[in-house]
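This is a predicted model, so every value here is computed, not measured. Order of the sequence lines sets the chain letters (A, B, ...), proteins ahead of strands, with each chain counted from 1. In what follows, every heavy atom counts, from backbone to side chain, and hydrogens, waters and symmetry copies are set aside.
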Amino acid sequence: DAKTTQPNSMESNEEEPVHLPCNHSTISGTDYIHWYRQLPSQGPEYVIHGLTSNVNNRMASLAIAEDRKSSTLILHRATLRDAAVYYCILRAINTDKLIFGTGTRLQVFP
Amino acid sequence: DTAVSQTPKYLVTQMGNDKSIKCEQNLGHDTMYWYKQDSKKFLKIMFSYNNKELIINETVPNRFSPKSPDKAHLNLHINSLELGDSAVYFCASSQDRGLVGANVLTFGAGSRLTVL
């Protein structure tokens, strides 16, 4: 399974945009890029996913590099509720596995 | 309405006992999963079932046995509990949309198992 690399932790102030980076230099052409987050004492929660093009939804935006070797999850205005561990995951087109790494712990300060 | 519900939320038991964790999803999804999150917060897949059929069975001790009576339920039974089984267990489900890699998982809130 292709691996992802994320910073262990990041900080942000409330109301500011947050850019969470993810490197996946060994990504294959058919791997989807998924982002999940886990709030304290809760189960993981789907955020966004994409294949090649940038994606937007009500929670966040996903910017995918042209060579697909990296991606960035963008929270446009961080709130205290966005404090969580964010996981960047590659998912092969033909597998049911979602393999979690160590993620990035995002702290949001008021 | 809770989409993926697990019971119990907390379970404290002695070594050697047998226990079960139940999971139900009301999303009409075809696939259900069990994940384990250990004390270091590392999430690892254990099993997945698609329409009651076992699809993924990671290297999990035989003491763990999933049971899927129907596609809305996936229960986890654990025999002869050991200290190392202490963890948070998450159930999840997804709808097969044709391209498995694009499927999105919905997780339950977790069941914290403590083995004394």
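Summarising the geometry, atom NZ belonging to B/Lys44 is positioned 15.0 Å from atom CG belonging to A/Leu98; distances are rounded to the nearest 0.5 Å. Annotation: the span from B/Phe107 atom CZ to A/Gln38 atom CD amounts to 8.5 Å, rounded to 0.5 Å. Put simply, CG on B/Leu43 and CD1 on A/Ile89 are 8.5 Å apart, with the number rounded to the nearest 0.5 Å.
The contact between B/Thr31 and chain A is made entirely by side chain atoms (from C-beta outward), counting heavy-atom distances below 4.5 Å. Neither the backbone nor the side chain of B/Lys40 comes within contact range of chain A; no heavy atoms are under 4.5 Å apart. Residue contact with chain A, scored on non-hydrogen atoms closer than 4.5 Å, involves the side chain of B/Glu58 exclusively.
Under a hydrophobic-cluster definition in which Ile, Leu, Val, Met, Phe, Trp and Tyr are linked whenever side-chain heavy atoms come within less than 4.5 Å, directly or via other members, B/Trp34 and B/Val88 are assigned to different clusters. Both B/Leu83 and B/Leu11 belong to a common hydrophobic cluster when Ile, Leu, Val, Met, Phe, Trp and Tyr are linked at side-chain heavy-atom distances under 4.5 angstrom. Put simply, B/Leu74 and B/Leu54 are part of the same group of oily side chains (I, L, V, M, F, W, Y) that touch within less than 4.5 Å, one to the next. A continuous path of ILVMFWY side-chain contacts below 4.5 Å connects B/Met32 to B/Tyr89, so both sit in one hydrophobic cluster. The cluster map of Ile, Leu, Val, Met, Phe, Trp and Tyr, joined by side-chain heavy atoms under 4.5 Å apart, puts B/Leu105 and B/Leu27 in different clusters.
Of all residues in residues 14-22 of chain A, none places a non-hydrogen atom less than 4.5 angstrom from a non-hydrogen atom of chain B. Taking 4.5 Å as the heavy-atom cut-off, the residues of residues 46-76 of chain A that approach chain B are A/Tyr46, A/His49, ordered by number. The interface of residues 78-88 of chain A with chain B, defined by heavy-atom distances below 4.5 Å, comprises A/Tyr87.
When the shell of 6.0 Å around CZ of A/Arg77 is examined, it contains 12 or fewer heavy atoms from other residues, nucleotides or ligands. With a 6.0 Å radius and a threshold of 12 heavy atoms from other residues, nucleotides or ligands, B/Asp70 has its CG atom above the threshold.
Across all non-hydrogen atoms, the minimal contact from A/Arg91 to B/Val104 is NH1-N, 4.3 Å. Shown here for B/Asn103 and A/His34, the closest heavy-atom pair between the two residues is O-CE1, 3.3 Å.
Sequence neighbours left out, the pairs with a member in residues 62-91 of chain B that pass disulfide bond (SG atoms under 2.5 Å apart) are B/Cys23-B/Cys91.
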